Asker: 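Input: one structure, supplied below.
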2 protein chains.
Amino acid sequence: MRTSTERSRARGKRGSYAKTEATRTAILDAALEVFAQSGFRSGSLRDVAAKVGMSEAGMLYHFPSKSALLAAVLERRDEHAQDFVPLGTHDPADTLRGLVDLADYNASVPGVVELYCILSAEATTPDHPAHTYFVTRYEDTRRRVSEAFERLRSEGRLRVEIDPTEAAVATLSMMDGLQVQWLLDRDAVDMAESLRGFFRSIVEIDFPAT
Amino acid sequence: MRTSTERSRARGKRGSYAKTEATRTAILDAALEVFAQSGFRSGSLRDVAAKVGMSEAGMLYHFPSKSALLAAVLERRDEHAQDFVPLGTHDPADTLRGLVDLADYNASVPGVVELYCILSAEATTPDHPAHTYFVTRYEDTRRRVSEAFERLRSEGRLRVEIDPTEAAVATLSMMDGLQVQWLLDRDAVDMAESLRGFFRSIVEIDFPAT
DNA sequence: GTCTATATGGCGATAGAC
DNA sequence: GTCTATCGCCATATAGAC
């Protein structure tokens, strides 16, 4: 826990005092909620400020613009999500199991899922502040998942007629599409279970008991 | 979400004057473009009016509110999309082939795809004007696609361990997710080809030469 | 570090003339 | 059927007091 004024510099980005750091966190929490509910374009700084209990101007001291706020929200979320998915050095099957774990966890934070669905769709237009973020994020993820499938294939665990890159595209599509369907009707869809089923249909892999 | 457009759109007979109908069509075309680029919440009537070359007030004569305009856009698009996908009475494999054809066609109208991705994500929040539209639309589509898979299974063409309902959920997820990925990087994804590949991995089915 | 006050502008929708 | 004019609201962002 950072309590001293000297040691509270977290990532060298900003904020030198513990109180600032706490305020920033509160703002990010509120922003996540608001953007998740209304999207980035329609979600207003007014709503975020109201939720965090301060003025809009006071908030803009910490994040100088709406886009800067969005970037910080995305960054923080990514750090968290990556804890779920082991990459590269492990058994490649762990990567797929990690994605299932992530889907399972996501079902407990609908607000975050909403934010991502709305934002990734909004950001498909090139002039959106998060456009390049999402483009590179998908490139990276596709490449990493594709590598996992490649290693599975080299171990003879991927069905022979399936291309690893295609499998990666399909995996990301499945995850994204499941989220929209789940948000629209949470009883009709079990994201983790459907993703497991998809993996089982293309790769030989064991999953922990459901 | 009441459309209130019944006046000029009664069942068989349309608007009384050709000019009204032409104007309505021009407005719908412009609205599709604007909503596709900015989403519904951020896309403005002002932009639509400018694109169609008339005043906002003049436009609101034809569609009394922004929500009414959205509803009309969705309705018109649905009519068009359903021409691609034969349902019920045909060979169930035709339904899947129709979905691939639809994906192929969609690649030629990125604006429409954008509209759908952004809108379906926005509309996951219950207070969105198009929320119930999307909920019932997904229910219907899931049911119809599920029926096609059931018939395929009864003919022994669906892989035995796959549940038809699960296959329907997965199919819609795949289609939706492919759209987002394709919009973000059109070179990295071939929607129709990926969908074909997905179908081939779960069902025995022939597709016309690519 | 947070506030009040305000500048500046876009938004959906309505009223009423032609 | 379309217009001009306007209302009332909300947005992002800045200036300067405390």
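Reminder, nothing fancy here: chain letters follow the sequence lines and each chain counts from 1. Quick caveat, the model's predicted, so the values are computed rather than measured.
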Asker: Is the shortest side-chain N/O distance from B:Y61 to OP1 or OP2 of D:dG1 below 4.0 Å?
Answerer: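 The answer is yes; a side-chain N or O of B:Y61 sits under 4.0 Å from OP1 or OP2.
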Asker: Tell me, for nucleotides 12-18 of chain D in 5' to 3' order, what letter each nucleotide earns: B for a base near a protein heavy atom under 4.0 Å, S for only sugar-phosphate near one, - for neither?
Answerer: BBBB---
Asker: Do A:R97 and A:D94 sit within salt-bridge range, that is, some charged N less than 4.0 Å from a carboxylate O?
Answerer: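 Result for this pair is yes, salt bridge flagged.
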Asker: Does OP1 or OP2 of D:dG1 have a side-chain N or O of B:S55 closer than 4.0 Å?
Answerer: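 It does not, given that no N or O in the side chain of B:S55 lies less than 4.0 Å from OP1 or OP2 of D:dG1.
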Asker: Do A:Y105 and A:D83 pair up side chain to side chain, a donor and an acceptor below 3.5 Å, judged on atom types alone?
Answerer: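 Note: A:Y105 and A:D83 side chains miss the donor-acceptor criterion.
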Asker: Is the closest side-chain donor-acceptor distance between A:S173 and B:Q181 under 3.5 Å?
Answerer: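 The answer is yes; a qualifying pair exists.
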Asker: Given that A:S42 and B:G58 both sit by DNA chain D, which one's nearest nucleotide is further toward the 5' end?
Answerer: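 This one resolves to B:G58.
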Asker: Closest approach of B:A168 and B:R142, non-hydrogen atoms and distance?
Answerer: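 Minimum heavy-atom separation between B:A168 and B:R142: CB-O, 3.6 Å.
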Asker: Is B:K51 salt-bridged to B:E33, cutoff N-O under 4.0 Å?
Answerer: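 Yes.
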Asker: Specify the separation, in whole Å, of atom CZ of B:F63 and atom P of D:dT2.
Answerer: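 It works out to 11 Å between those atoms.
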Asker: Can you check the B:H62 NE2 to D:dG1 C1' distance for me, whole Å?
Answerer: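 In whole Å, D:dG1 C1' and B:H62 NE2 are 6 Å from each other.
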Asker: Could you tell me whether B:Q37 atom CD has more than 12 heavy atoms of other residues or ligands within 6.0 Å of it?
Answerer: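 Not more than 12 within 6.0 Å, no.
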